[in-house]
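Below you'll find the structure, written out as structure tokens, and then a few comments.
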Amino acid sequence: MRYYADLHVHSRYSRACSRNSDLPHLAWWARRKGITVLGTGDFLHPVWAGVLRESLVPAEPGLFRLRDDLDREVLQTLPPACRGPLRFLLQVEVATNYRRGGRGRRIHHLCYAPGFDAAGRLARALSPYGDLASDGRPALAMDSRDLLEAVLSCGEGSYLVPAHAWTPWFGVLGSKSGFDGVDECYGDLAGHVFALETGLSSDPEMNWRVSCLDRLRLVSHSDAHSPPVLGRNATVFDTEVDYFAIRRALETGEGYAGTVDLYPEAGKYHLDGHRACGVRLDPAGTRERGGRCPVCGRKLTVGVLHRVEELADRPPGRRPSTGGEALKIVPLPEIAGEILGVGPKTKAVERALEGLTAALGPELPLLLQVPVRRVREAGEPEAAEAIGRLRTHRVRREPGYDGEYGSISLFGPEDAGGRPEPGGPGEEPAPADGAGR
């Protein structure tokens, strides 16, 4: 069974997250997006952990489903085309703050557990290192290697994935406090790390340039701080819907199909720059200026592309044997907003999405799998044109930098108001291989 999983999510108990990040809203949006397995987020937070225990019931091995009465309420408000199966997987993001090698390290990690007993043991093991109730993504005064040891000790099948690995301040490979390799970070236990989250500002193709990452499966997840952005990045599996099958796919490659990513230019840290001065530079421009802002003279924030180039030991274009499909999307609300000439969060866009998903199904399959002909035959010629352009990578890119999101557009000035004339390509070829972060 081929399906989409988004395994980096936050609840309402994480800082700077929507109050609507509760289980019913997460379940509704996950189905509208076409996600089959969703991370719970924040299972170390004591209040959220109580909500999870009360609201979820066991399903397939290591997975959970929403309690029947709660799930019925969710399903009643979705069109039949968006009522697919949904499972939850226990997941939490953890920050470790410590010093090593004469530098302060602030590294973020994703931790997974196959059940509430293992999650409880991990909470007890980590509670001496920080206040787990202060934030759904707790900050712990411990070394990354020691966090990994605690995860491995909490229960068979528990595992850890470095989160948004290239983010300047918080990624294992970030320019500000990271390392030059995953093995360097996790030391003698590094062999137990078998996957790496690319983050919003990088994609698999960029990571493939760094040969020391070849042994790792690359995963992409949304790092959603609000339910509507679920699925902006996702990982594709072709295996049983089962916690241990997912873990095995990441460790061995059996059942790992690849990732769905935003174009990395959309991320907040793709290029170098200084947001306060409106300065955005590619790596060559930063090197020419000695890493200093040409306006104020302060140090520039070195972005993900620059950091990848620093560690890369081969040119672009090579896919390692561990690499999967690298699919690219532009979120459907942004496509609809561009067609309508309004913002992606407007009521007009929401009405358009309701019609599209009711007629053609959830967002990810619509963007990646539904034939363009079928979209056009459903009376959506503009959406058909946009999806055809997306699948053949005919996009315009304004890269993000220094905490400023980039933008990806499908239409330009030559397209009157962003609304193409009806028509366009018929059946397109299969897609090419293609914050947080």
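Just the heavy atoms: all of them, side chains too, but no hydrogens, waters or symmetry mates, feed the values below.
The minimum heavy-atom distance between V395 and R397, with the atom names listed, is CG2-NE, 3.6 Å. Nearest approach of G285 to D282, heavy atoms of both residues: N-OD1, 2.8 Å. L44 and L132 get closest at one heavy-atom pair: O-CB, 3.7 Å. In this structure, A266 and I408 approach most closely via the heavy-atom pair CB-CG1, 4.0 Å. Across all non-hydrogen atoms, the minimal contact from G39 to L7 is N-CD2, 3.8 Å. Nearest heavy atom pair, residue N233 against residue L200, reads ND2-CD2, 3.5 Å.
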Inset, instruction - Run the numbers on V370 and I387 for side-chain contact (heavy atoms from CB on, under 4.5 Å), then give the verdict. - result: CA-CA 10 Å; V370 174; I387 291 170; over 6 Å; no
Inset, instruction - Go through the steps for L250 and Y112 under the test side-chain contact (heavy atoms from CB on, under 4.5 Å), then give the verdict. - result: CA-CA 13 Å; L250 296 178; Y112 300 97; over 6 Å; no
Inset, instruction - For side-chain contact (heavy atoms from CB on, under 4.5 Å), just list the numbers for Y401 and T301, CA-CA rounded to whole Å, side-chain angles, deciding distance to a tenth of an Å, and then say yes or no. - result: CA-CA 8 Å; Y401 67 100; T301 298; over 6 Å; no
Legend entry - V219/V161 under side-chain contact (heavy atoms from CB on, under 4.5 Å): CA gap, chis, key distance, verdict: CA-CA 9 Å; V219 297; V161 175; 4.1 Å; yes
Inset, instruction - Apply the test side chain to side chain donor-acceptor pair (under 3.5 Å) to residues S21 and H10: give CA-CA distance (whole Å), side-chain angles for both, the deciding distance (0.1 Å), then the verdict. - result: CA-CA 7 Å; S21 293; H10 290 281; over 6 Å; no
Inset, instruction - Given salt bridge (charged side-chain N to carboxylate O under 4.0 Å, His left out), test E251 with R248 step by step and report yes or no. - result: CA-CA 5 Å; E251 189 168 16; R248 185 167 58 251; over 6 Å; no
Inset, instruction - Would you please test Y186 and H192 for side chain to side chain donor-acceptor pair (under 3.5 Å) and show each step? - result: CA-CA 9 Å; Y186 296 102; H192 295 279; over 6 Å; no
Inset, instruction - Begin with the C-alpha distance, continue with both residues' side-chain angles, and end with the deciding distance and a verdict on side chain to side chain donor-acceptor pair (under 3.5 Å) for H221 and E197. - result: CA-CA 7 Å; H221 305 305; E197 187 186 47; 5.0 Å; no
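Between S407 atom OG and R396 atom CZ the span is 11.5 Å, to the nearest 0.5 Å. Taken from CD in E54 to CG in L70, the straight-line distance is 8.0 Å, to the nearest 0.5 Å. Atoms CG and CG, on L122 and L160 in that order, are 9.5 Å from each other to the nearest 0.5 Å. From I339, atom CD1 reaches atom CD of E382 across 6.0 Å, with rounding to the nearest 0.5 Å. Distance OH/Y13 to CZ/R19: 8.0 Å, rounded to 0.5 Å. Annotation: the span from S177 atom OG to W169 atom CH2 amounts to 10.0 Å, rounded to 0.5 Å.
Counting heavy atoms from C-beta on, the side chains of L147 and L126 come closer than 4.5 Å. Proximity of S14 to D135: side-chain heavy atoms (C-beta onward) are separated by under 4.5 Å at one or more points. By the 4.5 Å heavy-atom criterion applied to side chains, T96 and R105 are not counted as neighbours. Put simply, the side chain of Y3 reaches to within 4.5 Å of the side chain of I246, judged on heavy atoms. Proximity of W28 to P227: side-chain heavy atoms (C-beta onward) are nowhere separated by under 4.5 Å. The closest side-chain heavy-atom distance from D402 to L300 is not below 4.5 Å. In this structure the side chain of I107 never reaches within 4.5 angstrom of the side chain of P162, judged on heavy atoms. With a 4.5 Å cut-off on side-chain heavy atoms, V182 and L213 count as touching.
Ring centroids of F64 and F116 are separated by less than 6.0 Å, placing the two rings close together. For Y269 and H164, the distance between ring centers is not under 6.0 angstrom.
R100 contributes no side-chain N or O that, together with a main-chain N or O of R103, makes up a donor-acceptor pair within less than 3.5 Å. Under a 3.5 Å cut-off, the side chain of R247 and the backbone N or O of G157 do form a donor-acceptor pair. A distance-only check finds no donor-acceptor pair linking the side chain of D42 to the backbone of H45 [under 3.5 Å]. Distance alone, capped at 3.5 Å, is enough to place a donor-acceptor pair between the D6 side chain and the S222 backbone. The backbone N or O of G155 lies less than 3.5 Å from no partner atom in the side chain of R121, so there is not a single donor-acceptor pair. H108 places no side-chain N or O within 3.5 Å of a backbone atom of A95 that could act as its donor or acceptor partner. With hydrogens and angles ignored, the 3.5 Å screen pairs a side-chain donor or acceptor of K33 with a backbone N or O of P228. Remark: the backbone N or O of A141 is not paired with any side-chain donor or acceptor of N97 at under 3.5 angstrom. In this structure a side-chain-to-backbone donor-acceptor pair under 3.5 Å is present from R280 to P399. E184 contributes a side-chain N or O that, together with a main-chain N or O of D180, makes up a donor-acceptor pair within less than 3.5 Å.
Ion pairing between E338 and R389 fails under the 4.0 Å rule for side-chain N and carboxylate O. Taking a cutoff of 4.0 Å between a charged side-chain nitrogen and a carboxylate oxygen, D69 and R67 qualify as a salt bridge. Of the charged side-chain nitrogens involved, at least one lies within less than 4.0 Å of a carboxylate oxygen, so that K328 and E205 count as a salt-bridged pair. Between D68 and R65 there is a salt bridge, with a side-chain nitrogen of the basic residue lying less than 4.0 Å from a carboxylate oxygen of the acidic one. The pair R31-D71 meets the salt-bridge criterion, with a side-chain N (NZ, NE, NH1 or NH2) lying under 4.0 Å from an Asp/Glu carboxylate O.
Side-chain contact, T235 with Y256: no donor N or O sits under 3.5 Å from an acceptor N or O.
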Can you give the donor-acceptor pairs under 3.5 Å from side chains of residues 80-92 to other protein atoms, not counting sequence neighbours?
residue	atom	partner	partner atom	Å
R83	NE	L75	O	3.1
R83	NE	L78	O	2.8
R83	NH2	L78	O	2.8
R87	NE	E60	OE1	2.7
R87	NE	E60	OE2	3.3
R87	NH2	E60	OE2	3.3
Q91	OE1	V9	N	3.2
Q91	OE1	G41	N	2.9
Q91	NE2	V9	O	3.3

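The salt bridge (Lys or Arg N to Asp or Glu O under 4.0 Å) pairs that include a residue from residues 207-219 are D183-R215, D214-R314, where partners are two or more places apart or lie in different chains.
Under the rule for a ring pair (Phe, Tyr, Trp, His ring centres under 6.0 Å), Y129 has no partner lying at least two apart in sequence or in another chain.
Atom CD of E310 sits in a crowded spot, with more than 12 heavy atoms from other residues, nucleotides or ligands closer than 6.0 Å.
Checking each of T36, L368, T259, V37 against Y4 for a side chain to side chain contact (heavy atoms under 4.5 Å, CB included) leaves exactly one that passes, namely L368.
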